[in-house]
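Since the structure comes first, as structure tokens, the remarks are kept for the end.
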Protein chains: 2
Amino acid sequence: MLVVVALGGNALLRRGEPLTAENQHRNVRIAAEALAPIALEHDLVISHGNGPQVGLLALQGAAYKPDEAYPLDILDAETEGMIGYMIEQELGNLLPGERRCATLLTQIEVDPQDPAFKDPTKPIGPVYSKEDALRLAGERGWTIAPDGELYRRVVPSPRPKSIFELGVIELLISQGIIVICAGGGGIPTVRLEEGRLIGVEAVIDKDLASSLLARELKADAFIMLTDVDAIWKEWGEPHAKAIRRISPENLHGIPFAAGSMRPKVEAAIEFVEATGGIAGIGRMEDAEAILRGEAGTVIARDVSDVAFWD
Amino acid sequence: MLVVVALGGNALLRRGEPLTAENQHRNVRIAAEALAPIALEHDLVISHGNGPQVGLLALQGAAYKPDEAYPLDILDAETEGMIGYMIEQELGNLLPGERRCATLLTQIEVDPQDPAFKDPTKPIGPVYSKEDALRLAGERGWTIAPDGELYRRVVPSPRPKSIFELGVIELLISQGIIVICAGGGGIPTVRLEEGRLIGVEAVIDKDLASSLLARELKADAFIMLTDVDAIWKEWGEPHAKAIRRISPENLHGIPFAAGSMRPKVEAAIEFVEATGGIAGIGRMEDAEAILRGEAGTVIARDVSDVAFWD
């Protein structure tokens, strides 16, 4: 069985923790412990978020020489290297030597006509006062948007269209190699009319990119791991209930606010409708249990009625 | 024929140029133009330096929060992502679609008993006044060393012992995929007695790591590209002569000052003596000509007398 697992940025950094190398290594080790049992049983592809890390690199660059700060495609490539390295090393430490891992840099094509380029919505980096935000918008050509009482930079989040390294990923899987790829949603690129591929200032949603990856690989299961235990119906309400099993059709009918759960739900539906495989959403430490249907929310075609956890 | 090419950090950034994304893309494009004809004829593995890039990341981290600055293994991983991405994209733009590239994160094992750990010699990052250097050494546990009138941080440069991803690299080559790997000399790691692999604060010489890679892959040719046109005998003297062809035995007899040429010469000798393949050293734009013996210095077993360029 081929399993694609997407590790949420929040699963790699507990909320409020400083983004030190030690903290990240410790959290990646916890993730590796959750994934090792899956790696021993199944073919495995791992993608991961990078929100806090890209935010930090952007801050570091701005603190040094703002005019020479790197664009988002390069920052994503840096985090693919950094986070991929930690996952490969920590997971490798838990597996027998013959179970090899490979971390592969991943470029993903987006459509230059994607409406997201005209309507940037993805917040990135720190919050600023209105005054600072307006100044930075003028100096650097940023789009800014309110975030509570303050302001943040927002960037386009176009939909992923195709994954350039797909053939290489398939080859590695076919040889029993665990592949770490598509970190941070992959490096966003567009094909110019003349044929050249170039990077763009955008961030592809990690769950949508991972869903595309799982679909193209025809994975049997696609698991998104985060810091929430399941999809909840009427989240925050007195009658809120955690969903145990649901079909894509029934999931379509449940409203979700924008934020981190909506792209996960969309990513799950796209995967299950296209492949007939199962999708799962839940906590990092429940990874193996989710795959067995014993934790989290499982989305599958053959579920007639919605089942809830007690 | 399998060719391993090591791109020097100086070949990716002209001396004195600011380390902007634009400058690096332009230089990587020049490198890609030099490598594309080789990629069309031969199997190709590309490694690269990262000195200026690691220096910049270290500066950016220090400018933001010095106490949370990342160790060198993580910085190397970031640059493998960043530089690998630019090489993969620019080279991919010059090749037909079916000639695929893969950028692979590379961990390299070093010996924790390597004498380099007791005698750090590799300068990294900016120069400091003696006062600042002494303060930083105290605060961060750095070793510092004089650099002209000023001081720099120096770190251990242990010898590379083995390349963890070697089997994956071989697999990719066997399928006709161009592999970009071992950037910046690879991520330095040591195996603890308990068996765990961890990263270490060190920098592996890029040419020695590339030589190990070329030997382990049993490459036919190993080319180191830099901003010098050849190995020169009596460099800087009135009778200096550029070497055209030389055997490892004769090369042993020529003295080289420490610096960037000595590790290249050592890397070339190690490769040729171990494999019987040919090694080449010269300028980026001469890559293909060096492979044909029409530029640069070629080191090969079967050369009886040293041949010089006119």
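In this text, all values refer to a predicted model and were calculated from it rather than measured experimentally. Excluded from the calculations below are hydrogen atoms, water molecules and symmetry mates; all remaining heavy atoms, backbone and side chain alike, are included. Throughout, a chain's letter reflects where its sequence line sits, starting with A, and its residues are numbered from 1.
Residues T106(B) and Y85(A) form no side-chain contact, since every pair of their non-hydrogen atoms from C-beta on lies 4.5 Å or further apart. A heavy-atom distance below 4.5 Å is not found between the side chains of M82(B) and M82(A). Counting heavy atoms from C-beta outward, F164(A) and R100(B) have side chains that stay 4.5 Å or more apart. N93(B) places a side-chain heavy atom less than 4.5 Å from the side chain of R191(A). Counting only heavy atoms from C-beta outward, the side chains of L105(B) and L104(A) never approach each other to under 4.5 Å. Side-chain contact between I177(B) and L171(A) is present, with at least one heavy-atom pair separated by less than 4.5 Å. The closest side-chain heavy-atom distance from T103(A) to E165(B) is not below 4.5 Å.
Nearest heavy atoms, V168(A) versus A102(B): CG1-CB, 3.9 Å. Across every non-hydrogen atom of Q89(B) and T189(A), the tightest pair is NE2-CG2, 3.6 Å.
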### Task
Could you check R196(B) against E90(A) for side chain to side chain contact (heavy atoms under 4.5 Å, CB included), going step by step and ending with a plain yes or no?
CA-CA 9 Å; R196(B) 275 205 314 136; E90(A) 298 292 352; 4.3 Å; yes
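With rounding to the nearest 0.5 Å, the separation of CD in Q53(B) from CD in E78(A) is 9.5 Å. In this structure, OG in S174(B) is found 7.5 Å from CD in Q175(A), a value given to the nearest 0.5 Å. Taken to the nearest 0.5 Å, the CG atom of L57(A) stands 7.5 Å off from the CG atom of L57(B).
Enclosure of atom CD in E194(A) by more than 12 non-hydrogen atoms of other residues, nucleotides or ligands within 6.0 angstrom is indicated.
Residue with the most contacts toward chain B among G84(A), P71(A), G199(A), G195(A): G199(A) (heavy-atom pairs, distance under 4.5 Å). When each of G81(B), C181(B), G92(B) is scored by its heavy-atom pairs under 4.5 Å with chain A, the top score falls to G81(B). For chain A, the option among H25(B), M86(B), Q107(B) with the highest count of heavy-atom pairs below 4.5 Å is Q107(B).
For chain B, the nearby part of Q24(A) is the side chain; its heavy atoms alone come within less than 4.5 Å. Contact annotation for L197(A): both backbone and side-chain heavy atoms come within less than 4.5 Å of a heavy atom of chain B. For D73(A), the parts lying under 4.5 angstrom from a heavy atom of chain B are both the backbone and the side chain. Heavy atoms closer than 4.5 Å to chain A are found in both the backbone and the side chain of L19(B).
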